[in-house]
Amino acid sequence: MKKPRVLVVDDEPDILDSLRLTLEADYEVLTASSGREGLEVLRREDVAVMVVDQRMPEMTGTAFLKQALVLAPKAIGIMLTGYTDMDALIAAVNAGQVYRYIAKPWEAEELKMDVRRGVERHEMAAELDRRYEEILRLNRALEEARQKLEQENVQLRHAVQERYRFEGLIGQSPAMERAYDLVEKVLHTNTFVMLTGETGTGKEILARCIHFNGARKEGPFVTQNCGALPPELLESELFGHRKGAFTGAVEDRPGLFETADGGTVFLDEIGETSPAMQVRLLRVLQDGEIRRVGESTDRKVDVRAIAATNRDLRAEVREGRFREDLYFRLNVFPIEVPPLRNRIEDVPALTAHFLGTYAPDRQVRITPGAMDLLCRYAWPGNVRELENEVQRALLLAGDTDRIGPELLSEAVRESAAPGELEGTLKGEVTRIEREMIAEALARTRGNRTHAARALGISRWGLVQKIEKYGIRG
């Protein structure tokens, strides 16, 4: 390792030689015979300790140290002095120029010890400087990361808001239009909303739409399926717990109601909750207060609740399985989400949406025959089942750009059993219209102007029908 560097300043050559011999075993010793010469050394070299005689011609030791600490502010000053120089020494100590003073004549071991302590002090100060710079660097990096994370959160929030913007909801059937009208009326309120409908109809999407288009859109949106957890775990998940409240509670943890403060809690499958949980939910919805598991104090929360169920809660109330007071608290503004079989005219648009979602870089076309089967099927699993059907068909299609009836599931294909192909008059007209548009586009190689002319309709009318039926091409 490189030896620490010590500067010795004295106008007497014998003393310089004596000090150099005393220290050179442990240090790299630089010497100067005057204050001015010592300052020149400091302009060229970094030193840890300066051993300076007080009485020198032209420049005293205290005068030297005053200028030296401008050039080397971290260097440690040690003064060699006689008792007659005490006034100057005290002034230098008070000014912070001198770390130690050694009275003449000095003891070699005492000098070595003071120099060693001065070097250690210098190294400690240098280490503190390094750590301080590292802390500053880490703080800058942390602030940059915080700003980046905040920017990403804003971008993500805007992306989510864009995804769930009201205008982007899929489906323009009369049944869905009625649901949209109700959603619009409740957007900018704090009213509790109850979404009812079969599993897979898109209740959570409507809940997100209400949140991300309403007054609380900058706040959090948290969801919990009330039927996915046993009552004890659901209580901890919703209301939080105190450390040690139960086995596995290794730390204090806030619940979803606290997490959603200022935003929205979506309680899916609310009909699956136990009677005890219904009591706790009623309290937070009425009073805006929660109590963590294991605590005895209440906490205020400001949340909007949107609940969803696929059960008939009125029947559940009559049977005593659901609290009547909680039902009326949640059912302030009910919105029924229709099953897909009651809005079958939305199937082409939904299919086109899922094609774009799962095959964004491909131009996959649903043949008229396949679309006819999709529109004939009853969809007991609703929109979720249609989404799965499209995903499956895309996988089976491989690299081809065509999905025909043969790629659809057996359940969908069987929906067109013999005797049912005639369908209703409206269905047959829709099927024929869809087939004619697809054939016209195929003949004109996708030229919509020429296809519209061949069909005898306006180009704008053709575009509307292409979007309505989800035709690719």
Side-chain angles (χ1 to χ4, degrees), residues 164 166 169-214 216 221-229 234 238 256 260 263-275 277-282 284-286 303-347 350 378-387:
Y164 292 105
F166 187 68
L169 293 174
I170 307 300
Q172 303 301 322
S173 62
M176 284 307 295
E177 288 290 352
R178 287 192 292 273
Y180 297 158
D181 289 342
L182 292 174
V183 168
E184 274 193 302
K185 288 178 172 60
V186 82
L187 279 180
H188 299 289
T189 72
N190 285 319
T191 303
F192 296 145
V193 176
M194 173 71 78
L195 299 173
T196 60
E198 298 176 6
T199 298
T201 51
K203 296 187 290 295
E204 183 174 342
I205 291 177
L206 273 186
R208 291 180 181 274
C209 175
I210 293 171
H211 172 78
F212 288 108
N213 290 273
R216 292 175 176 260
F221 177 87
V222 299
T223 70
Q224 178 59 49
N225 187 317
C226 297
L229 295 175
L234 180 61
L238 291 178
L256 294 184
T264 303
V265 170
F266 175 57
L267 301 171
D268 199 7
E269 304 302 345
I270 190 71
E272 304 292 334
T273 53
S274 67
M277 177 57 65
Q278 292 172 26
V279 172
R280 296 206 63 179
L281 287 173
L282 180 63
V284 67
L285 296 179
Q286 283 181 336
V303 297
R304 178 186 195 172
I306 300 177
T309 182
N310 61 2
R311 293 189 178 191
D312 182 352
L313 288 188
R314 286 184 178 274
E316 296 291 306
V317 170
R318 287 195 298 270
E319 297 295 328
R321 291 189 292 267
F322 199 84
R323 291 183 63 94
E324 186 177 38
D325 47 4
L326 178 59
Y327 170 76
F328 286 118
R329 173 63 60 176
L330 288 170
N331 203 48
V332 177
F333 199 89
I335 300 177
E336 182 180 359
V337 185
L340 187 55
R341 63 181 174 275
N342 290 351
R343 56 181 185 113
I344 208 70
E345 55 265 63
D346 289 334
V347 168
L350 287 166
W379 300 110
N382 293 295
V383 177
R384 189 176 300 147
E385 185 182 5
L386 175 60
E387 181 178 7

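Hydrogens, waters and symmetry mates are skipped; everything else that's a heavy atom, side chains included, is used.
- Between R208 and T264 the shortest side-chain heavy-atom distance does not fall below 4.5 Å.
- Formation of a donor-acceptor pair under 3.5 Å by the N382 side chain with backbone atoms of R384 is not found in this model.
- Side-chain atoms of R304 come within 3.5 Å of backbone N or O of T191 as a donor-acceptor pair.
- A pairwise comparison of heavy atoms in V317 and E324 identifies CG1-CB, 3.8 Å as the closest pair.
- Side-chain contact between E184 and N213 is absent, with no heavy atoms from C-beta onward closer than 4.5 Å.
- Between F221 and H211, the two ring planes are tilted [angle within 30° to 60°].
- Contact of the R343 side chain with the L350 side chain is registered, since non-hydrogen atoms from C-beta on lie closer than 4.5 Å.
- Q286 CD: more than 12 foreign heavy atoms inside a 6.0 Å radius.
- Under the 4.5 Å side-chain criterion, counting only non-hydrogen atoms from C-beta, L340 is in contact with V347.
- The backbone N or O of F322 sits nowhere less than 3.5 Å from a side-chain atom of E316 that would complete a donor-acceptor pair.
- Considering only heavy atoms from C-beta on, L313 stays 4.5 Å or farther from L330 through its side chain.
- Note: I210 CD1 to H188 NE2 = 11.5 Å, rounded to the nearest 0.5 Å.
- At least one side-chain heavy atom of L281 sits less than 4.5 Å from a side-chain heavy atom of I270.
- With hydrogens and angles disregarded, no donor-acceptor distance shorter than 3.5 Å links the side chain of K203 to the backbone of V337.
- With a 4.5 Å cut-off on side-chain heavy atoms, T201 and N310 do not count as touching.
- At least one side-chain heavy atom of L326 sits less than 4.5 Å from a side-chain heavy atom of L285.
- Between A308 and D268, the shortest heavy-atom distance links the atoms CB-OD1, 3.5 Å.
- Listed for the E272 side chain is no donor-acceptor partner under 3.5 Å among the backbone atoms of A228.
- Taking OG of S173 as the reference point, atom CG of N342 lies at 9.0 Å (rounded to 0.5 Å).
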